Amino acid sequence: MRVVRPGFVPDPSLSREAMETLQREIAETAVFEDDLSVDPETASSDSEQTTLSGEAASAPLVAGVDQAFVDDRAVSAVVVTQGGAVVERAHAVERTEIPYIPGLLSFREGGAILAALERLEHDPDVLLVDGSGRIHFREAGLATHVGVTVDVPTVGVAKNLLCGAPERPLDGGFPEGTRVPIHADDAIETATAGTHVGDAVQTRQYDSPNRHVNPLIVSPGHRVSAETATDLVLATAAGYKLPEPTRLADRAADEAKTEVP
DNA sequence: GCGACAG
DNA sequence: ATCTTGTCGC
């Protein structure tokens with residue numbers, strides 16, 4: 001897949017000020033409503049499906065994107081899946097020009113991700129990106145930045161909350177399938193306080209008391225609503241905390257990392 | 001000045 | 001994210 005909005009390609013040489021200005025522009029362009037060809041119910045694990053009319057329908061292409069690092073190099077891996085099966089894998093290695101700065105992650109990792117996406121022969125119907133989407137100070141997290149730049153539906157899947165107010169405390173975890181709404185707070189300067197910007201999602205939980213799994217933080221990246229973003233994550237999770245496409249991309253990045261000079 | 005902060 | 005063995009718990 002290709003860049004559709006060249007002006008949004010993350011440029012690490014920009015000043016912090018310019019980066020933030022670009023993010024506000026990206027947020028205005030982003031669509032936090034459903035505009036995708038994926039039905040979460042058919043996104044899970046049985047590859048070929050059948051429609052009500054008996055027509056053969058192929059499951060949507062759901063891709064996972066994740067990065068690994070080796071010194072000043074970022075390795076971005078993309079794994080495209082369809083009904084749980086791997087359709088294609090691609091990865092790219094790019095130098096990181098700036099350090100990790102909360103709120104500006106896309107300017108550090110975005111370039112490598114776009115490079116990996118451009119090597120894909122199949123265009124995913126939706127991308128699960130590691131990190132935040134709309135749950136961001138200017139509603140332009142990594143998932144949103146990437147989604148808007150290539151104009152593909154994206155979902156942000158993070159392990160920690162960047163900002164925003166959970167409807168209930170997230171400590172201790174919840175039963176599997178639980179979703180706790182996260183609302184915009186003062187830290188999210190571009191949204192009206194109270195706006196539903198994402199969910200804490202419990203994709204997995206231990207049976208007994210003592211130990212517990214923390215929920216994932218899911219938010220819309222682009223062309224996906226908060227509800228659908230969570231539906232997709234729950235539908236593609238298969239017994240583990242991370243959704244399958246993300247887990248696959250995770251280890252693909254680690255493998256690729258091994259072969260980096 | 002203090003706090004808060006994805007990967 | 002990354003550096004890393006054992007260890008606690010199911």
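By convention in this document, chain letters (A, B, ...) are assigned in the order of the sequence lines, proteins followed by strands, and residues within each chain are numbered from 1. Quick caveat, the model's predicted, so the values are computed rather than measured.
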Between [N] ([atom2]) and [X] ([atom1]): distance, integer Å:
{"X": "A/His145", "N": "B/dA6", "atom1": "NE2", "atom2": "P", "result": "19 Å"}
{"X": "A/Asp66", "N": "B/dG7", "atom1": "CG", "atom2": "C1'", "result": "9 Å"}
{"X": "A/Tyr100", "N": "B/dG7", "atom1": "OH", "atom2": "P", "result": "7 Å"}
{"X": "A/Ile217", "N": "B/dA4", "atom1": "CD1", "atom2": "C1'", "result": "15 Å"}
{"X": "A/Ile135", "N": "B/dG7", "atom1": "CD1", "atom2": "C1'", "result": "15 Å"}
{"X": "A/Leu142", "N": "B/dG7", "atom1": "CG", "atom2": "P", "result": "10 Å"}
{"X": "A/Arg108", "N": "B/dA6", "atom1": "CZ", "atom2": "P", "result": "13 Å"}
{"X": "A/His136", "N": "B/dA6", "atom1": "NE2", "atom2": "P", "result": "11 Å"}

Classify A/Leu104 by what it touches in the nucleic acid, base, sugar-phosphate, or nothing, heavy-atom distance under 4.0 Å. base
Using the rule given for side-chain hydrogen bond (donor to acceptor under 3.5 Å, both in side chains), can you reason through A/His196 versus A/Glu227, listing the C-alpha separation, both sets of side-chain angles and the distance that settles it, and then say yes or no? CA-CA 10 Å; A/His196 181 197; A/Glu227 293 70 22; 3.3 Å; yes
I'd like to know if [X] and [Y] make a salt bridge, using a cut-off of under 4.0 Å between side-chain N and carboxylate O.
{"X": "A/Glu176", "Y": "A/Arg204", "value": "no"}
{"X": "A/Arg223", "Y": "A/Asp34", "value": "no"}
{"X": "A/Arg24", "Y": "A/Glu189", "value": "yes"}
{"X": "A/Glu255", "Y": "A/Arg89", "value": "yes"}

Side-chain donor/acceptor of [X] to backbone N/O of [Y], under 3.5 Å:
{"X": "A/Glu25", "Y": "A/Gly7", "answer": "no"}
{"X": "A/Ser132", "Y": "A/Ile135", "answer": "yes"}
{"X": "A/His183", "Y": "A/Gly194", "answer": "yes"}

Where does DNA chain B form stems of at least three consecutive Watson-Crick or G-U wobble pairs, each pair having both distances below 3.5 Å? none
Answer yes if the ring centres of A/Phe32 and A/His222 are under 6.0 angstrom apart, and no otherwise. no
Can you pull every protein N or O that's under 3.5 Å from an N or O on nucleotides 8-10 of chain C?
{"residue": "C/dC10", "atom": "OP1", "partner": "A/Ser208", "partner atom": "OG", "Å": "3.0"}
{"residue": "C/dC10", "atom": "O5'", "partner": "A/Ser208", "partner atom": "OG", "Å": "3.3"}

When you check the phosphate oxygens OP1 and OP2 of B/dC5, does a side-chain N or O of A/Asn160 lie under 4.0 Å from one of them? no
List, with names and distances, any nitrogen or oxygen atoms from the protein found under 3.5 Å away from nitrogen or oxygen atoms belonging to nucleotides 2-4 of chain C.
{"residue": "C/dT2", "atom": "OP1", "partner": "A/Phe69", "partner atom": "N", "Å": "3.3"}
{"residue": "C/dT2", "atom": "OP1", "partner": "A/Lys257", "partner atom": "NZ", "Å": "3.2"}

Pair A/Thr228, A/Ser225: side-chain N/O donor-acceptor within cut-off below 3.5 Å: yes
Looking only at non-hydrogen atoms, find the nearest pair between A/Pro245 and A/Thr236 and report the distance. CD-CB, 3.9 Å
